[in-house]
Amino acid sequence: MIALLARAPTVAAAMQRPYDNFAAIRLGLALAVIVSHAFSVGTGRVEDEPLHHLTGYTLGEHAVNGFFAISGFLVTMSFDRRGWRAYAEARTLRILPGLVAAVLVVGFLIGGALSRLSYGTYLGSPELWRFLGTTLTQLKSNTSLPGTFETNPFRFPMGTVWTLRYEIFCYLGVLVAGLAGVIRRPQIALALVALLAVALALVEVMGPSSKATETSLRLPLIFAAGAALYVWRDRARVSGLIAAALAVLTVIAAATPLYKPLLFLATAYGVLWFALAPRLSSPVLDFKTDLSYGVYLYGWPIQQGLQQLAPGISAAALVAASLVATLVVAALSWFLIEKPALRLKARRLGRATLKTIEPAAP
């Protein structure tokens, strides 16, 4: 086994290949969130999602975990290659234009079209302006729109933006760590991952914790694991054996406090292994168009709209209809908003590659 691991390429060597699977994985994860939400949008019960019973987490939550692992890896690489000023500008230009456009589209177009109120009354409602303000400034996902989705199990129109708070928090963590020189000190990066994993295990030992407490440890842990894999790129190996071993350990630890930390570390390594493994990489999967962020932003409001228009729609029908509609809207977001913003980034920063563009986590 040691000989097999020694023959596996390092992360740094895998990164030198002309293509990888990051873009395809990001799109797949974003689409997985839509599939997952189709089971709960119509019932209001997250536990109706099949994977929740098997692993304790929905397919959408696993997808979010995958996004944070990729984001940790790519965002840390972005800081390392750019420096702090260019890093901050790059992150802003990647996240903000698409978010602002989505909030305005949902607030003024989708909400206005589906509200039971007249459009004039809708525009004059304080609830609309509260939605715009709290969503853009506080990234709240539980703010409703006037006269909209009133008969749906969930009323809020942008149920995924809450993860952006954690994403931005992690961005700031990379900024602080980079300025402090931690990115070039692998031992500290590994210690941070260990600290977060131990903290999560201790929370489990102490008894049932709130979802908010768990999430506040889960997402930073996965992000930090992705970041650490980049920091250790010259020594860490891209190995299917490691991915399989972590998966087996997770299954063995299923009924123990170690289950969640191992699950999240296995997810982080597994996603990045799939993105970088030479035998799995293909130029066909190295997309030049990145629809994942648009899919993430618009999937929920489109599903909410379909649920209002067709109450009682089956999960399968909702998946099919929302996937098609969301991909169309996500393509418009990419070509009209996100891609022009990336061109601006390229002009200001001198270069931009898809490999260093990460979506916000769903």
First locate atom [atom1] of [X], then atom [atom2] of [Y], and finally report the distance between them rounded to the nearest 0.5 Å.
X: D80; Y: Y230; atom1: CG; atom2: OH; answer: 3.5 Å
X: N21; Y: L272; atom1: CG; atom2: CG; answer: 11.5 Å
X: I337; Y: L297; atom1: CD1; atom2: CG; answer: 11.5 Å
X: T143; Y: E127; atom1: OG1; atom2: CD; answer: 9.0 Å
X: H62; Y: L51; atom1: NE2; atom2: CG; answer: 4.5 Å
X: L29; Y: I34; atom1: CG; atom2: CD1; answer: 12.0 Å

Taking all non-hydrogen atoms of both residues into account, name the closest pair between [X] and [Y] and its distance.
X: R116; Y: E150; result: NE-OE1, 2.7 Å
X: W300; Y: G159; result: CD1-N, 3.1 Å
X: Q307; Y: G312; result: NE2-N, 3.8 Å
X: L196; Y: A224; result: CD1-CB, 4.0 Å
X: A341; Y: L93; result: CB-O, 3.6 Å
X: A189; Y: V182; result: N-CG1, 4.3 Å

W129 and Y122: CA distance, side-chain angles, deciding distance, ring pair (Phe, Tyr, Trp, His ring centres under 6.0 Å) verdict: CA-CA 10 Å; W129 300 99; Y122 177 84; 9.3 Å; no
Plane angle bin for Y87 and Y171 - parallel if under 30°, tilted between 30 and 60°, otherwise perpendicular: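 Geometry flag for Y87 against Y171: perpendicular rings.
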Heavy-atom side-chain proximity of [X] to [Y] below 4.5 angstrom:
X: L31; Y: L327; result: yes
X: F287; Y: Y19; result: no
X: T58; Y: F39; result: no
X: Y57; Y: K260; result: yes
X: L221; Y: L265; result: yes
X: S144; Y: F149; result: no
X: T10; Y: R233; result: no
X: W334; Y: D290; result: yes

Heavy-atom donor-acceptor pair, [X] side chain to [Y] backbone, under 3.5 Å:
X: Y269; Y: A225; result: no
X: S36; Y: A32; result: no
X: S71; Y: F67; result: no
X: T215; Y: A212; result: no
X: R26; Y: S292; result: no
X: Q308; Y: L114; result: yes
X: D48; Y: T43; result: no
X: S115; Y: P146; result: yes
X: W84; Y: L175; result: no
X: T76; Y: G72; result: yes

Find out if a path of hydrophobic residues (ILVMFWY) with successive side-chain heavy-atom gaps under 4.5 Å connects [X] to [Y].
X: I95; Y: V100; value: yes
X: V205; Y: L263; value: no
X: F335; Y: L27; value: yes
X: L128; Y: L109; value: yes
X: V295; Y: V319; value: yes

side-chain contact (heavy atoms from CB on, under 4.5 Å) between L258 and E204, worked out: CA-CA 8 Å; L258 295 178; E204 292 299 302; over 6 Å; no
Between [X] and [Y], a side-chain donor and acceptor under 3.5 Å:
X: E49; Y: S40; answer: no
X: T134; Y: R130; answer: no
X: T267; Y: N65; answer: no

Working for ring pair (Phe, Tyr, Trp, His ring centres under 6.0 Å), residues F264 and F68: CA-CA 10 Å; F264 303 147; F68 269 77; over 10 Å; no
Working for side-chain contact (heavy atoms from CB on, under 4.5 Å), residues V174 and I183: CA-CA 8 Å; V174 170; I183 288 178; 4.1 Å; yes
Ion pair R94/E167, N-O distance below 4.0 Å: no
side-chain contact (heavy atoms from CB on, under 4.5 Å) assessment of W162 paired with N142: CA-CA 9 Å; W162 66 270; N142 59 351; over 6 Å; no
Audit row: M15, F73, side-chain contact (heavy atoms from CB on, under 4.5 Å) steps and yes/no: CA-CA 11 Å; M15 290 170 60; F73 185 91; 3.6 Å; yes
Residues, nucleotides or ligands: over 12 heavy atoms within 6.0 Å of F169 CZ: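 At most 12 heavy atoms, drawn from other residues, nucleotides or ligands, come within 6.0 Å of this atom.
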R185 atom CZ: more than 12 heavy-atom contacts under 6.0 Å: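 Check fails, neighbour count at 12 or below.
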